[in-house]
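What follows is a short report on a single structure.
Throughout, a chain's letter reflects where its sequence line sits, starting with A, and its residues are numbered from 1.
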Amino acid sequence: MGTTDDMGATGAKGITGAGAADATDRRGFSRRMMLGGAAVATVATSLSLVAAKDATSADSAAGADGAARTAPAGGEVRHLKLYMEKLPDGQMGYGLQKGAATIPGPLIELNEGDTLHIEVENTMDVAASLHVHGLDYEVSSDGTKLSGSHVEPGGTHTYTWRTHAPGRRKDGTWRAGSAGYWHYHDHVVGTEHGTGGIRKGLYGPVIVRRKGDILPDRTHTIVFNDMTINNRPGHDSPDFEATVGDRVEFVSITHGEYYHTFHVHGHRWADNRTGMLTGPDDPSQVIDNKIVGPADSFGFQVIAGEGVGPGAWMYHCHVQSHSDMGMAGLFLVKKADGTIPGYEPHEH
Amino acid sequence: MGTTDDMGATGAKGITGAGAADATDRRGFSRRMMLGGAAVATVATSLSLVAAKDATSADSAAGADGAARTAPAGGEVRHLKLYMEKLPDGQMGYGLQKGAATIPGPLIELNEGDTLHIEVENTMDVAASLHVHGLDYEVSSDGTKLSGSHVEPGGTHTYTWRTHAPGRRKDGTWRAGSAGYWHYHDHVVGTEHGTGGIRKGLYGPVIVRRKGDILPDRTHTIVFNDMTINNRPGHDSPDFEATVGDRVEFVSITHGEYYHTFHVHGHRWADNRTGMLTGPDDPSQVIDNKIVGPADSFGFQVIAGEGVGPGAWMYHCHVQSHSDMGMAGLFLVKKADGTIPGYEPHEH
Amino acid sequence: MGTTDDMGATGAKGITGAGAADATDRRGFSRRMMLGGAAVATVATSLSLVAAKDATSADSAAGADGAARTAPAGGEVRHLKLYMEKLPDGQMGYGLQKGAATIPGPLIELNEGDTLHIEVENTMDVAASLHVHGLDYEVSSDGTKLSGSHVEPGGTHTYTWRTHAPGRRKDGTWRAGSAGYWHYHDHVVGTEHGTGGIRKGLYGPVIVRRKGDILPDRTHTIVFNDMTINNRPGHDSPDFEATVGDRVEFVSITHGEYYHTFHVHGHRWADNRTGMLTGPDDPSQVIDNKIVGPADSFGFQVIAGEGVGPGAWMYHCHVQSHSDMGMAGLFLVKKADGTIPGYEPHEH
């Protein structure tokens with residue numbers, strides 16, 4: 001397992017540049033950028049369109065009355081600039097700023113009803129694109145060469161993503177809403193299915209929330225891409241930190257060639273839309289291990305250490321050779337005093 | 001991607017022979033055979049046991065009042081003749097007529113409560129069988145050599161499939177009904193598990209509907225069989241046509257050796273029995289990508305172009321090497337005037 | 001297919017040693033050990049913490065009034081001794097008695113709210129451990145070398161597993177209960193992920209039941225471990241017996257390196273927590289085939305022969321090469337007179 005990683009880790013509130021000191025989050029994980037209007041941080045690794053919260057409030061998903069915070073209704077129209085870039089090590093990434101691309105790319109959060117216009121600039125020397133799963137977009141935003149919606153080297157293309165709340169159609173049937181744990185990726189580099197771009201890191205998470213969905217304290221993205229986690233070499237997979245009681249959201253995305261099984265020690269989730277049971281009548285299976293294949297995505301929230309306490313909890317692919325080759329990291333759940341029983345960070 | 005394909009594509013009404021002109025369906029997709037009584041088309045690629053509709057009604061799943069059409073209660077007893085044949089290219093198929101076998105075999109639709117007696121004639125020079133998933137059948141209709149329910153070359157065997165509506169057992173527990181997206185296949189050719197027969201094309205779709213289930217305008221079957229779609233060579237996968245607003249049903253079946261991920265661009269479905277949410281309380285995940293393995297099957301309905309408009313929308317296996325090797329086709333969603341923005345059919 | 005196997009097969013009542021005559025169960029399947037208090041059978045292959053039933057009652061899950069029996073509320077604290085041992089053939093297993101290890105290990109059943117302290121003795125010459133999925137345990141019971149919770153050769157370690165009923169958190173969100181079809185396995189032998197221990201047989205089933213969950217007549221565990229079923233050689237997979245009308249529970253666990261598809265002939269289940277629909281509003285898909293990967297687990301109950309009658313029903317991995325290599329067994333559903341139509345046991 002590798003060093004603590006905060007790429008793709010976001011706090012639930014505030015406008016925060018990744019390079020900026022973050023006095024409101026003692027754990028240094030908060031890198032969420034809120035676009036409450038024109039405000040844009042200089043460097044950021046995620047985009048949230050949820051209403052910005054008071055940056056001085058307690059670092060918890062619970063409100064003052066103890067109730068979990070929930071997502072508001074959507075309906076806003078937003079604009080975003082995204083860069084597709086070569087990283088110094090030859091990999092590729094999406095970034096909100098020039099020179100700041102990350103793997104995975106920035107977390108993009110929307111509420112059902114929101115529209116997002118993304119101007120994508122391709123700073124690389126090969127054509128690339130932005131293809132999203134789950135959202136509404138016209139074929140001109142499909143991100144395929146077939147539809148001509150890719151971006152030539154040095155060029156730009158504006159992709160428009162729309163989302164919608166669920167509702168009843170005129171014919172009486174129920175139309176599902178856009179809410180879900182989705183993702184975006186290149187569909188052009190290397191092959192007409194973006195095999196080369198995806199392999200090198202051109203992917204990222206998208207969360208669409210429904211009004212009333214529970215909001216987490218922070219979100220971590222874990223991408224099983226071929227035999228890597230987030231394109232990290234084996235045995236250098238990202239670790240994620242939390243304090244007992246934090247409401248932590250994980251987004252699991254798979255890419256590449258292989259099937260995997262996503263497993264977390266000591267924590268479970270429901271195999272449904274939110275990863276959380278809706279109540280006693282929800283028949284969904286509760287699991288801690290799930291088979292996944294390329295382009296699958298799902299997400300869930302856990303209360304760190306709930307019922308199990310602090311600890312260095314492994315998460316890993318449970319295909320035996322994959323975990324043995326290093327597809328494993330740690331969910332480091334600390335006590336309030338910052339320590340983790342039985343775990344010496346310097347050893348790992 | 002290959003040429004437009006209408007094998008396994010069926011209109012929702014009328015008795016239509018595959019070779020016959022079909023004045024009531026301008027898109028030439030309707031090949032459903034209705035057995036409302038003794039009427040049998042000369043050549044057909046699917047069987048529906050739902051009540052035959054007026055062949056002159058509007059080509060839409062919505063009734064005159066705009067409400068979606070729904071499946072009636074079952075309870076009928078039907079008879080069908082099915083042929084197992086070698087195709088000219090050495091593949092094998094099931095057909096409703098001699099010399100008319102197709103890959104996949106004919107779509108068989110039932111309503112919960114229906115019984116179907118299928119007299120299967122084996123015109124090939126090797127033993128073969130008919131094994132179905134999901135339905136009720138005695139072991140004499142299992143289609144295995146173990147049970148002696150296979151068909152010798154030149155022979156016939158009658159398989160009886162029964163279905164039932166859900167209900168409460170005497171012990172108070174709930175018994176699930178037969179409704180589902182199921183399938184049939186050989187269980188004998190090559191090995192005692194039919195590996196050779198399945199590889200060559202001996203498989204087809206079965207849909208069992210529950211009273212009140214929404215009926216589609218048409219149904220398309222997509223079988224990921226080893227590295228092919230519907231046994232077509234790579235880069236010649238079937239395309240499927242629709243007009244914006246059509247209610248289109250897809251049946252996804254997997255066979256062979258490999259796992260795949262089934263993905264459609266611009267359209268989503270619910271990961272539940274019907275592929276459609278039952279309403280706001282249905283906790284099922286909405287997805288556009290699903291990991292599948294041999295003999296898995298599921299289905300769903302989409303409104304073509306809903307929220308995304310017309311276009312040449314890819315569907316493909318999302319395992320990168322599989323799509324690169326040609327496991328990809330098009331869902332061609334046309335405007336009312338028959339055109340598709342940004343798509344020139346002659347290019348593909 | 002191999003000979004009838006009763007490892008992992010348990011009757012639903014009574015304290016029964018595996019080596020003891022079992023006059024109350026004419027089919028010789030009952031090997032469940034009830035720990036109603038201090039009572040311990042001399043040799044047993046499973047542990048149940050549900051309240052012991054009258055061993056003279058009818059061999060059926062239905063009570064005197066015909067209603068299905070259900071699980072009681074939990075809340076008890078239990079103690080168990082478990083041995084990790086080398087088997088004579090070089091494989092490894094967990095056992096409730098010295099010299100009595102089995103593959104899979106004993107079935108451990110709990111009710112939500114129960115706590116189980118397991119003193120594990122390692123009689124082998126390599127370090128090994130006990131890691132459980134789905135239950136609540138502190139990191140000192142994680143069974144990893146990372147946490148120091150493994151067992152050195154000749155040593156012992158006490159693992160504590162807790163379970164909890166579902167309920168509402170203070171923040172208003174719903175906390176899932178522990179109920180589920182879970183499993184335990186080594187996490188140490190061979191690699192830090194227990195690849196060697198799992199391969200050799202160090203795994204077993206755990207069922208946590210919710211108050212009101214339907215209880216089966218008996219439970220069978222089927223583990224797809226690499227290319228074996230329950231570590232049996234190909235074409236010698238276990239068969240399981242029942243009489244038409246029995247309520248039979250299957251626990252499906254996967255381990256090792258490969259993905260599989262779990263298929264049963266003539267019987268289906270719901271893809272939800274219990275494998276049984278909760279009623280007419282449960283939207284879960286009913287299936288008879290499910291893709292699974294290492295460490296996945298699920299379970300379900302069927303009424304043997306319901307709607308299909310007696311027979312030698314195959315269950316098998318539906319990946320074609322896997323079934324052809326012998327990953328297939330029989331679910332032998334007998335008539336009340338003990339015969340199975342069309343099946344001669346001596347042939348197989």
Fill in: Whether Thr191(A) side chain and Asp324(B) backbone form a donor-acceptor pair below 3.5 Å
no

Worksheet item: Got a second to check how far Asn289(B)'s CG is from Ile253(A)'s CD1, nearest 0.5 Å?
Response: 11.5 Å

Worksheet item: For the side chain of Tyr259(B) and the backbone of Tyr258(A), is there at least one donor-acceptor N/O pair under 3.5 Å apart?
Response: yes

Practice prompt. Under 4.5 Å heavy-atom distance to chain A, tell me which part of Ile340(B) shows up: side chain, backbone, both or neither.
Written response: neither

Discussion item. When you compare the side chain of Arg273(A) with that of Pro283(B), does any pair of heavy atoms fall below 4.5 Å?
Written reply: no

Item to complete: Would you mind checking which part of Ser321(B) comes under 4.5 Å of any heavy atom in chain A, side chain (CB onward), backbone (N, CA, C, O), both or neither?
Response: both

Discussion item. Looking only at heavy atoms and a cut-off of under 4.5 Å, which of Gly256(A), Gly167(A), Gly148(A), Gly190(A) has the most pairs with chain B?
Written reply: Gly256(A)

Practice prompt. Under 4.5 Å, counting heavy-atom pairs only, tell me which of Asp282(B), Asn272(B), Leu277(B), Val292(B) racks up the most with chain A.
Written response: Leu277(B)

Practice prompt. Report the C-alpha separation of Met314(B) and His131(A) in whole Å, then their side-chain angles, then the decisive distance to 0.1 Å, and conclude whether the side chain to side chain contact (heavy atoms under 4.5 Å, CB included) test is met.
Written response: CA-CA 12 Å; Met314(B) 284 186 181; His131(A) 169 73; over 6 Å; no

Worksheet item: Checking heavy atoms, do the side chain of Ala312(B), its backbone, both or neither come under 4.5 Å from chain A?
Response: both

Worksheet entry | Pairing of Arg247(B) and Asp171(A) as salt bridge, 4.0 angstrom limit | yes

Worksheet item: Which bit of Ser178(A) comes within less than 4.5 Å of chain B, counting heavy atoms only: side chain, backbone, both or neither?
Response: neither

Fill in: chain B contact via His164(A) - side chain, backbone, both or neither, heavy atoms under 4.5 Å
side chain

Practice prompt. Check step by step if side chain to side chain contact (heavy atoms under 4.5 Å, CB included) holds for Arg199(A) and Gln320(B).
Written response: CA-CA 10 Å; Arg199(A) 184 176 298 138; Gln320(B) 294 298 134; 6.0 Å; no

Worksheet item: Heavy atoms, side chains only, cut-off 4.5 Å: are Phe298(A) and Ile287(B) in contact?
Response: no

Worksheet, complete the sentence: Highest number of heavy-atom pairs under 4.5 Å with chain A among Ser284(B), Pro280(B), Gly311(B) belongs to Pro280(B)

Worksheet item: With a 4.5 angstrom heavy-atom cut-off, which part of His265(B) approaches chain A: side chain, backbone, both or neither?
Response: both

Worksheet item: Do the side chain of Asp136(A) and the main chain of Gly307(B) share a donor and acceptor less than 3.5 angstrom apart?
Response: no

Worksheet item: So what's closer than 4.5 Å to chain A heavy atoms on His316(B): side chain, backbone, both or neither?
Response: side chain

Worksheet item: Could you state the interatomic distance from CD (Gln285(B)) to CG (Asp271(A)), rounded to the nearest 0.5 Å?
Response: 7.0 Å

Practice prompt. Below 4.5 Å from any heavy atom of chain B, which atoms of Leu135(A) appear? Answer side chain, backbone, both or neither.
Written response: backbone

Worksheet item: Non-hydrogen atoms of chain B under 4.5 Å away: do they reach the side chain of Arg169(A), the backbone, both or neither?
Response: side chain

Worksheet item: Got His193(A) and Met327(B) here, is their nearest side-chain heavy-atom distance under 4.5 Å?
Response: no

Fill in: Heavy atoms from other residues, nucleotides or ligands near CD of Glu138(A) exceed 12 (cutoff 6.0 Å)
no

Worksheet entry | pair Met276(B)-Arg175(A): side-chain heavy atoms closer than 4.5 Å | no

Worksheet item: At a heavy-atom separation under 4.5 Å, does Thr195(A) approach chain B through its side chain, its backbone, both, or neither?
Response: both

Worksheet item: Any side-chain heavy-atom pair from Asp281(B) and Thr278(A) closer than 4.5 angstrom?
Response: no

Item to complete: Say whether, by atom type as modelled, one donor and one acceptor occur between the side chain of Arg268(B) and the main chain of Gly134(A) under 3.5 angstrom.
Response: yes

Discussion item. Given heavy-atom pairs under 4.5 angstrom as the criterion, report whether the side chain, backbone, both or neither of Trp269(B) touches chain A.
Written reply: neither

Discussion item. Nearest 0.5 Å, please: how far is CG in Leu146(A) from CH2 in Trp313(B)?
Written reply: 10.5 Å

Practice prompt. Decide yes or no on side chain to side chain contact (heavy atoms under 4.5 Å, CB included) for Val139(A) and Val308(B), but give the supporting numbers first.
Written response: CA-CA 7 Å; Val139(A) 77; Val308(B) 301; over 6 Å; no

Discussion item. Less than 4.5 Å apart, side chain to side chain, heavy atoms only: is that true for His318(B) and His185(A)?
Written reply: yes

